[in-house]
Q: 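After the structure tokens below, expect a handful of questions from me.
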Amino acid sequence: MAPRSLSHVILLLGGAVAVLGSVLFVVWKAYFSDGSGRRRRPWWEAELSPYVGELNPDERQVLVLGLDGAGKSTILHCLSGHRAKERMAPTWGFNSVRLPTESFQMDLLEVGGSQNLRFYWKEFLSQADVLVFVVDSADRLRLPCARQELHMLLAEDPDLPVVVVANKQDKSEALSVAQLQQELDLQAFDQREFFLLPVSIPPAGPDSSPPSIHHVWTLLLDLLSQA
Ligand SMILES: Nc1nc2c(ncn2[C@@H]2O[C@H](COP(=O)(O)OP(=O)(O)OP(=O)(O)O)[C@@H](O)[C@H]2O)c(=O)[nH]1
Ligand SMILES: [Mg+2]
């Protein structure tokens with residue numbers, strides 16, 4: 001008697017799970033369909049688009065990473081043709097700009113550099129055509145941390161072209177490019193497409209497009225034309 005009632009319970013449970021599964025499937029289909037039979041893009045896909053999902057062949061993706069305060073947002077701001085601001089708000093999530101070029105759209109995505117966001121950096125590597133890693137050349141105390149993060153990223157993707165931006169060269173305490181090469185242990189990467197660019201974007205400087213920003217732009221154009 002006991003095993004028979006147990007089998008009834010199991011049958012009932014199985015039926016309930018099947019009905020619940022069907023209801024969930026119908027709701028899911030209704031929610032993600034736009035009526036034409038095509039799938040509706042969920043909000044998070046639009047939010048992160050074009051960094052996830054299908055990519056337009058005429059788009060190139062530049063991932064911009066680096067410790068908090070290194071100058072990532074400032075670089076995106078200036079590449080978009082704006083004058084550097086006296087103060088930039090820290091990026092708590094993402095920050096992106098889309099810049100048109102003659103042959104493709106250049107999409108730059110900054111992921112904030114605070115410690116809790118660094119954990120997610122590597123998730124974006126697979127969609128990137130180029131990694132720009134920004135370093136505050138004057139932040140000597142945190143260079144070991146920057147080195148560790150950079151080396152971790154490069155170990156994740158051994159083929160991704162990398163531009164290390166040695167930012168804040170205008171500061172008197174900034175390390176030179178040669179010193180940074182040592183401190184960041186960049187000799188280890190001589191097998192890959194690797195660039196180290198000195199950059200300085202003094203806040204509220206006289207120039208809306210400092211020469212070093214122009215160098216970043218032309219290098220990115222060059223690298224992405226080959227991508
Ligand atoms: N002197 C000098 N200051 C700079 C330079 N680039 C950026 N800054 C300043 O550095 C500060 C931080 O710059 P952000 O661009 O916000 O840094 P970030 O890397 O985006 O930081 P998070 O968004 O917190 O990850 C700002 O006050 C900028 O004005 C530079 O080349 N020289
Ligand atoms: Mg920022």
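One-based numbering, in listed order, for ligands and for the atoms of each. For reference, positions follow the sequence shown, starting with 1.
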Q: Is there a heavy atom in G66 that sits closer than 4.0 Å to ligand 1?
A: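 For ligand 1, residue contact (heavy atoms, under 4.0 Å) with G66 is absent.
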
Q: Which atoms from ligand 1 have a heavy atom of K85 less than 4.0 Å away?
A: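 Answer, ordered by atom number: 29 (O).
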
Q: Out of D139, D68, V111, L65, who gets a non-hydrogen atom closest to atom 24 (O) of ligand 1?
A: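 The nearest heavy atom belongs to D68.
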
Q: Let me see the working for L223 and L219 under side chain to side chain contact (heavy atoms under 4.5 Å, CB included), right down to the final yes or no.
A: CA-CA 6 Å; L223 288 171; L219 178 57; 4.1 Å; yes

Q: Closer than 2.8 Å to the Mg ion (ligand 2), do we get an N, O or S atom from S73, backbone or side chain?
A: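 Yes, S73 qualifies, because one of its backbone or side-chain N, O or S atoms lies under 2.8 Å.
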
Q: Among all the protein's non-hydrogen atoms, which is closest to atom 27 (O) of ligand 1, and how far away is it?
A: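 I find the closest protein heavy atom is E86 O, 3.9 Å.
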
Q: From atom 32 (N) of ligand 1, work out which of V165, D170, I213 has a heavy atom at the shortest distance.
A: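 Among V165, D170, I213, the closest heavy atom to atom 32 (N) of ligand 1 belongs to D170.
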
Q: Checking the N or O distance criterion of under 3.5 Å, is ligand 1 in contact with A70?
A: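 Yes.
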
Q: With a 4.5 Å cut-off on side-chain heavy-atom distances among I, L, V, M, F, W and Y, is there a chain of contacts connecting V132 to M88?
A: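 Unlinked, V132 and M88 end up in two clusters.
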
Q: Does any part of the side chain of E110, heavy atoms only, come nearer than 4.5 Å to the side chain of V97, both counted from C-beta?
A: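 No. Closest side-chain heavy atoms not under 4.5 Å.
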
Q: Would you indicate whether F194, at its atom CZ, is surrounded by more than 12 heavy atoms from other residues, nucleotides or ligands within a distance under 6.0 Å?
A: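 More than 12 within 6.0 Å, yes.
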
Q: Starting from atom 31 (O) of ligand 1, what is the nearest protein heavy atom, named by residue and atom, and what distance separates them?
A: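 I find the closest protein heavy atom is I201 N, 2.7 Å.
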
Q: Within a 6.0 Å radius of atom CD on E173, are there more than 12 heavy atoms belonging to other residues, nucleotides or ligands?
A: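 Above 12, so yes.
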
Q: Within the 4.5 Å heavy-atom criterion, are L108 and L99 side-chain neighbours or not?
A: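 Yes - at least one pair of side-chain heavy atoms lies under 4.5 Å apart.
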
Q: Show me which atoms of ligand 1 lie under 4.0 Å from any heavy atom of L67.
A: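 In order of number, 19 (O).
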
Q: Quick one: does any side-chain atom of E123 pair with a main-chain N or O of Y120 as donor and acceptor, under 3.5 Å?
A: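 The answer is no, because no donor-acceptor pair under 3.5 Å joins these two groups.
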
Q: Counting N and O atoms only, with roles assigned by atom type, does the side chain of R60 sit under 3.5 Å from a partner on the main chain of L220, one being a donor and the other an acceptor?
A: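 Not confirmed, R60 side chain does not pair with L220 backbone.
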
Q: Closer than 4.0 angstrom: is that true for some heavy atom of N167 and an atom of ligand 1?
A: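 The answer is yes, since N167 has a heavy atom less than 4.0 Å from ligand 1.
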
Q: Report yes or no: does D68 have an N/O/S atom closer than 2.8 Å to the Mg ion (ligand 2)?
A: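 No, outside the cut-off.
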
Q: With a 4.0 Å cut-off on heavy atoms, does H77 reach ligand 1?
A: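 Not so, H77 does not reach ligand 1.
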
Q: Which protein heavy atom lies closest to atom 15 (O) of ligand 1, and at what distance to 0.1 Å?
A: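 In this structure, atom 15 (O) of ligand 1 has T74 OG1, 2.6 Å as its nearest protein heavy atom.
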
Q: Ignoring hydrogens, just give me the one of K168, R87, M88, R118 whose non-hydrogen atom is nearest atom 11 (C) of ligand 1.
A: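 Looking at heavy atoms only, K168 sits closest to atom 11 (C) of ligand 1.
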
Q: Considering the heavy atoms of S200, write down every atom of ligand 1 situated less than 4.0 Å from one of them.
A: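 Reading through ligand 1 atom by atom, the close ones are 31 (O).
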
Q: Which atoms form the tightest heavy-atom contact between E149 and L67, and what is the distance?
A: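 Answer, listing the atom of E149 first, then L67: CG-CD2, 4.1 Å.
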
Q: P90 heavy atoms, cut-off 4.0 Å: which ligand 1 atoms fall inside?
A: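 Matching atoms, with element in brackets: 23 (O), 24 (O).
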
Q: Is any side-chain heavy atom of F104 closer than 4.5 Å to one of L221?
A: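 Contact flag for L221/F104 side chains = yes.
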
Q: Which protein non-hydrogen atom lies closest to atom 3 (N) of ligand 1, naming both residue and atom, and how far is it?
A: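 So the nearest neighbour among protein heavy atoms is P203 CD, 3.6 Å.
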
Q: Just need the protein heavy atom nearest to atom 23 (O) of ligand 1, so name the residue and atom and give the distance.
A: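 Checked against all protein heavy atoms, atom 23 (O) of ligand 1 sits closest to T91 N, 2.8 Å.
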
Q: Determine yes or no for a side-chain-to-main-chain donor-acceptor pair under 3.5 angstrom, with Q169 supplying the side chain and I201 the backbone.
A: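 Absent.
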
Q: Taking just the N, O or S atoms of E110, which one is nearest to the Mg ion (ligand 2)?
A: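 Nearest to the Mg ion (ligand 2) within E110's N, O and S set: OE2.
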
Q: Considering non-hydrogen atoms of the protein only, which is the closest contact for atom 17 (O) of ligand 1, and what is the distance?
A: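 Ranked first by proximity to atom 17 (O) of ligand 1 is G71 N, 3.1 Å.
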
Q: Measuring from non-hydrogen atoms of I75 to any atom of ligand 1, is the shortest distance under 4.0 Å?
A: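 Contact check I75 vs ligand 1: negative.
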
Q: Any sub-3.5 Å donor-acceptor pair from W121's side-chain atoms to G112's backbone N or O?
A: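 The answer is yes, because a donor-acceptor pair under 3.5 Å joins these two groups.
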
Q: Counting heavy atoms only, which of S73, A138, P202, S212 comes nearest to atom 20 (O) of ligand 1?
A: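 Among S73, A138, P202, S212, the closest heavy atom to atom 20 (O) of ligand 1 comes from S73.
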
Q: Please state whether E110 comes within less than 4.0 angstrom of ligand 1, counting heavy atoms only.
A: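 Right, E110 reaches ligand 1.
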
Q: So does L76 get a backbone contact from the side chain of H82, meaning a donor-acceptor N/O pair under 3.5 Å?
A: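 No; judged by distance alone, with no hydrogens or angles, the pair does not exist.
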
Q: List the steps and the verdict of side chain to side chain contact (heavy atoms under 4.5 Å, CB included) for Q226 and D222.
A: CA-CA 7 Å; Q226 305 161 23; D222 201 27; 4.1 Å; yes

Q: At a threshold of 2.8 Å, where the distance has to be below it, does the Mg ion (ligand 2) have an N, O or S atom of T91 nearby?
A: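 Given the 2.8 Å cut-off, T91 counts as a ligand of the Mg ion (ligand 2).
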
Q: Is it the case that ligand 1 has an N or O less than 3.5 angstrom from some N or O of G113?
A: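 Yes - when backbone and side-chain N and O of G113 are compared with those of ligand 1, one distance drops under 3.5 Å.
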
Q: Answer yes if M152 and V163 sit in the same cluster of Ile, Leu, Val, Met, Phe, Trp and Tyr residues linked by side chain heavy atoms under 4.5 Å apart, and no otherwise.
A: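 No.
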
Q: Can you pull out the closest protein heavy atom to atom 21 (O) of ligand 1? Residue, atom name and distance to 0.1 Å, please.
A: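 Nearest protein contact, heavy atoms only, for atom 21 (O) of ligand 1 is G69 N, 2.8 Å.
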
